[in-house]
**Q** 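Below: one structure in structure tokens.
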Amino acid sequence: QEGFCHYEKNFPFQNIEIYTFIDKSFDYRTPVVFADQKLFISLHLFLGSNHSFYSFLPEYIKYAHRIEFLPASCFITLAGRHIPYPDVDNFLETILHYSKAYFFAQKMLPNTKDYQLFKCSKEQMKWCHDNETSIWNYMIDRDYLFSSSIDLIDRFVNLAPFSKFGLPTDSNSPGGVGVWLGLQIWIAYMNNNNVSLKDILNETDYMKVLNNSAYKP
């Protein structure tokens, strides 16, 4: 309810209908779908990580089926309504594009914690904050930001139990650390520039964003 109040203030003339349903299909990658001005929420994908429906799934996917992740899932999905179709050529552009949805959800749900946005444990999210400088230096030292390697998407963006740095501590991290890093750059960008939420959602000059963000963890 809080989120949709914020949404109406930011996008006052955007009509939306919400449908909740239970279905025999089981696409855990899309628990919420936006289509034809309607938001479809699969209630059978938010029954709790210990529900018998999910017994065949890996632990990190089971964990994502907790009800506390439902609001963030709605607004991460709804963000796609306001973000231009991606045209990305490298790792930096990819993480900044995909993290826009998380930035949007954060603005609609200001009381939501990072771990709820990223559907991971509090301990994994703390690991990100504790190691933010090391994560950034790791990407810089290996020239990953401007790399077009698909391997980086698999390691740091796609759904996974953890991100793959090739270090003994990898299992302490959540999957999608690259997207989390992109979110931190957007936060710095808004804090250091006179820009609105709509400006950020429509921005595609990602080199300008990085330079003007003054991001230095």
**Q** Evaluate the side-chain proximity of Val88 to Tyr98: yes if any heavy-atom separation is below 4.5 Å, no if none is.
**A**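 A side-chain contact is absent here, since even the closest heavy-atom pair is not under 4.5 Å.
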**Q** Under the criterion side-chain contact (heavy atoms from CB on, under 4.5 Å), which of Ile67, Asp23, Thr20 is the partner of Leu43?
**A**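 For Leu43, the side-chain contact (heavy atoms from CB on, under 4.5 Å) check succeeds only for Thr20.
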**Q** For Ile150, is the CD1 atom crowded, meaning more than 12 foreign heavy atoms sit under 6.0 Å from it?
**A**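 For Ile150, atom CD1 is not crowded (no more than 12 foreign heavy atoms under 6.0 Å).
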**Q** Within the side chain of Lys100, is there an N or O that forms a donor-acceptor pair under 3.5 Å with the backbone of Leu201?
**A**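 Yes; judged by distance alone, with no hydrogens or angles, the pair exists.
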**Q** Under the criterion side chain to side chain contact (heavy atoms under 4.5 Å, CB included), I'd like the reasoning laid out for Lys119 against Ser73: C-alpha separation, chi angles, the key distance, then a yes or no.
**A** CA-CA 9 Å; Lys119 297 183 180 180; Ser73 295; 2.9 Å; yes
**Q** Can you tell me how far the CH2 atom of Trp186 sits from the CD atom of Glu203, to the nearest 0.5 Å?
**A**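 Going from the CH2 atom of Trp186 to the CD atom of Glu203 covers 6.0 Å.
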**Q** For Pro217, is there any backbone N or O sitting under 3.5 Å from a side-chain donor or acceptor partner on Thr133?
**A**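 Yes: the side chain of Thr133 pairs with the backbone of Pro217.
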**Q** Give, for atom CZ of Phe53 and atom CG of Leu45, the distance between the pair rounded to the nearest 0.5 Å.
**A**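 So the gap between those two atoms works out to 10.0 Å.
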**Q** Kindly assign one of parallel, tilted or perpendicular to the pair Phe26 and His44, based on the angle between their ring planes and the thresholds 30° and 60°.
**A**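 Geometry flag for His44 against Phe26: tilted rings.
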**Q** Is the shortest side-chain heavy-atom distance between Cys74 and Val32 below 4.5 Å?
**A**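 With C-beta onward as the side chain, the pair touches.
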**Q** Hydrophobic clustering (ILVMFWY, side-chain heavy atoms < 4.5 Å, transitive) - are Tyr60 and Val179 grouped together?
**A**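 Both belong to a single hydrophobic cluster.
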**Q** Do side-chain atoms of Asn193 reach the backbone of Asn212 as a donor and acceptor pair under 3.5 angstrom?
**A**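 At least one qualifying donor-acceptor pair exists.
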**Q** Is there a side chain to side chain contact (heavy atoms under 4.5 Å, CB included) between Glu123 and Tyr115 once you walk through the steps?
**A** CA-CA 9 Å; Glu123 291 75 18; Tyr115 81 92; over 6 Å; no
**Q** Do the non-hydrogen side-chain atoms of Val157 and Ile95 ever get within less than 4.5 Å of each other?
**A**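 Yes, close enough: below the 4.5 Å cut-off.
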**Q** Short question: side chain of Asp36, backbone of Lys38 - any donor-acceptor pair under 3.5 Å?
**A**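 It does not hold such a pair.
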**Q** Do Asp170 side-chain atoms and Phe165 backbone N/O form a donor-acceptor pair below 3.5 Å?
**A**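 Yes: the side chain of Asp170 pairs with the backbone of Phe165.
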**Q** Side chains of Ser196 and Asp199: do they bring a donor and an acceptor to under 3.5 Å?
**A**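 A pair is found: one side chain offers a donor N or O, the other an acceptor, under 3.5 Å apart.
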**Q** About how many Å separate CD1 of Ile187 and OG of Ser213, when rounded to the nearest 0.5 Å?
**A**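 Taking OG in Ser213 and CD1 in Ile187, the distance rounds to 11.5 Å.
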**Q** Which atom pair, heavy atoms only, marks the closest approach of Leu197 to Met190?
**A**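 Minimum heavy-atom contact is N-CE, 3.8 Å.
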**Q** Where is the tightest heavy-atom contact between Asn10 and Met108, given as atom of each residue plus distance?
**A**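 In terms of heavy atoms, the two residues are closest at ND2-CE, 3.6 Å.
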**Q** Where is the tightest heavy-atom contact between Leu117 and Ala105, given as atom of each residue plus distance?
**A**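 So the minimum-distance heavy-atom pair works out to CD2-CB, 3.7 Å.
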**Q** Spell out, yes or no, whether Phe162 and Val177 are grouped together once hydrophobic residues are joined by side-chain heavy atoms under 4.5 Å, including indirect joins.
**A**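 No: no chain of side-chain contacts under 4.5 Å links Phe162 to Val177.
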**Q** Heavy atoms only: give me the nearest Arg81-Phe34 pair and the separation to one decimal.
**A**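 For Arg81 and Phe34, the tightest heavy-atom pair comes out as NE-CZ, 3.5 Å.
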**Q** Between Tyr206 and Phe91, does the ring centroid distance fall short of 6.0 Å?
**A**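 Not under 6.0 Å, so no.
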**Q** I need the Glu59 CD to Tyr63 OH distance, nearest 0.5 Å.
**A**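 With rounding to 0.5 Å, CD (Glu59) is 11.5 Å from OH (Tyr63).
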**Q** Below 4.5 Å, heavy atoms only, C-beta onward: do Thr94 and His97 meet side chain to side chain?
**A**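 Result no, sub-4.5 Å side-chain heavy-atom pair not found.
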**Q** Using only heavy-atom distances, determine whether the side chains of Gln116 and Arg66 contain a donor-acceptor pair under 3.5 Å.
**A**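 No donor-acceptor contact under 3.5 Å links the two side chains.
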**Q** What's the separation between atom NE2 in His6 and atom CG in Leu109, rounded to the nearest 0.5 Å?
**A**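 Nearest 0.5 Å value for the NE2-CG distance: 7.5 Å.
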**Q** Assess the residue pair Glu8 and Cys5 against the criterion (side chain to side chain contact (heavy atoms under 4.5 Å, CB included)); give the C-alpha distance rounded to whole Å, side-chain angles, the decisive distance to 0.1 Å, and a yes or no.
**A** CA-CA 5 Å; Glu8 186 174 354; Cys5 286; 5.9 Å; no
**Q** Parallel, tilted or perpendicular, judged at 30° and 60°: which one describes the rings of Phe104 and Phe75?
**A**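 The rings of Phe104 and Phe75 sit tilted, inter-plane angle from 30° to 60°.
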**Q** I'd like to know whether CD of Glu68 has more than 12 heavy-atom contacts from other residues, nucleotides or ligands below 6.0 angstrom.
**A**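 Yes, CD of Glu68 has more than 12 neighbouring heavy atoms, counting only those of other groups under 6.0 Å.
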**Q** Using 0.5 Å steps for rounding, measure from the CG atom of Asn172 to the CG atom of Asn131.
**A**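 Reported to 0.5 Å precision, the distance equals 8.5 Å.
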**Q** Looking at every heavy atom in both His129 and Asp114, which two are closest together, and how far apart are they?
**A**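 Reported closest heavy-atom pair: NE2-OD2, 3.2 Å.
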**Q** Can you check whether Pro174's main-chain N or O pairs, donor with acceptor, with Ser163's side chain at less than 3.5 Å?
**A**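 Judged by distance alone, yes, a pair lies under 3.5 Å.
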**Q** Are Val195 and Ile83 in one and the same hydrophobic cluster, where Ile, Leu, Val, Met, Phe, Trp and Tyr link if side-chain heavy atoms are under 4.5 Å apart?
**A**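 Hydrophobic grouping puts Val195 with Ile83.
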**Q** Is Phe46 reachable from Tyr19 through a run of I, L, V, M, F, W or Y residues, each pair having side-chain heavy atoms under 4.5 Å apart?
**A**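 Each belongs to a different hydrophobic cluster.
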**Q** Going through the checks in order, is the side chain to side chain contact (heavy atoms under 4.5 Å, CB included) test met by Leu78 and Ile16?
**A** CA-CA 10 Å; Leu78 187 57; Ile16 186 171; 3.4 Å; yes
**Q** Mind running side chain to side chain donor-acceptor pair (under 3.5 Å) on Ser134 and Asn137 for me, showing each step along the way?
**A** CA-CA 5 Å; Ser134 297; Asn137 289 338; 5.8 Å; no
**Q** Do Phe103 and Tyr189 have ring centres separated by under 6.0 Å?
**A**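 Distance test on ring centres: not under 6.0 Å, no.
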**Q** For residues Pro31 and Phe69, determine if any side-chain heavy atom of one lies less than 4.5 Å from a side-chain heavy atom of the other.
**A**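 A side-chain contact under 4.5 Å is absent here.
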**Q** Just wondering, do Trp136 and Tyr215 contact through their side chains at under 4.5 Å, heavy atoms?
**A**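 Yes, side chains in contact.
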**Q** Tell me whether Met207 is reachable from Ile185 by hopping between hydrophobic residues (I, L, V, M, F, W, Y) whose side-chain heavy atoms are closer than 4.5 Å.
**A**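 Hydrophobic grouping puts Ile185 with Met207.
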**Q** Do Phe4 and Ile18 have side-chain heavy atoms sitting under 4.5 Å apart?
**A**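 Counting from C-beta outward, Phe4 and Ile18 do come under 4.5 Å.
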**Q** For Ile61 and Leu57, which heavy atoms make the closest approach, and how far apart are they?
**A**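 It is CG2-CD1, 3.9 Å.
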**Q** Are side-chain heavy atoms of Tyr28 and Lys62 found at a separation under 4.5 Å?
**A**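 No, every pair of side-chain atoms sits at 4.5 Å or beyond.
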**Q** State whether the side chain of Tyr54 and the backbone N or O of Leu47 hold a donor-acceptor pair below 3.5 Å, judged by distance alone.
**A**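 Yes, because the side chain of Tyr54 sits within donor-acceptor range (under 3.5 Å) of the backbone of Leu47.
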**Q** Does atom CG (Asp141) have a neighbourhood of more than 12 heavy atoms from anything else shown, all under 6.0 Å?
**A**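 Buried by this count: over 12 neighbours within 6.0 Å.
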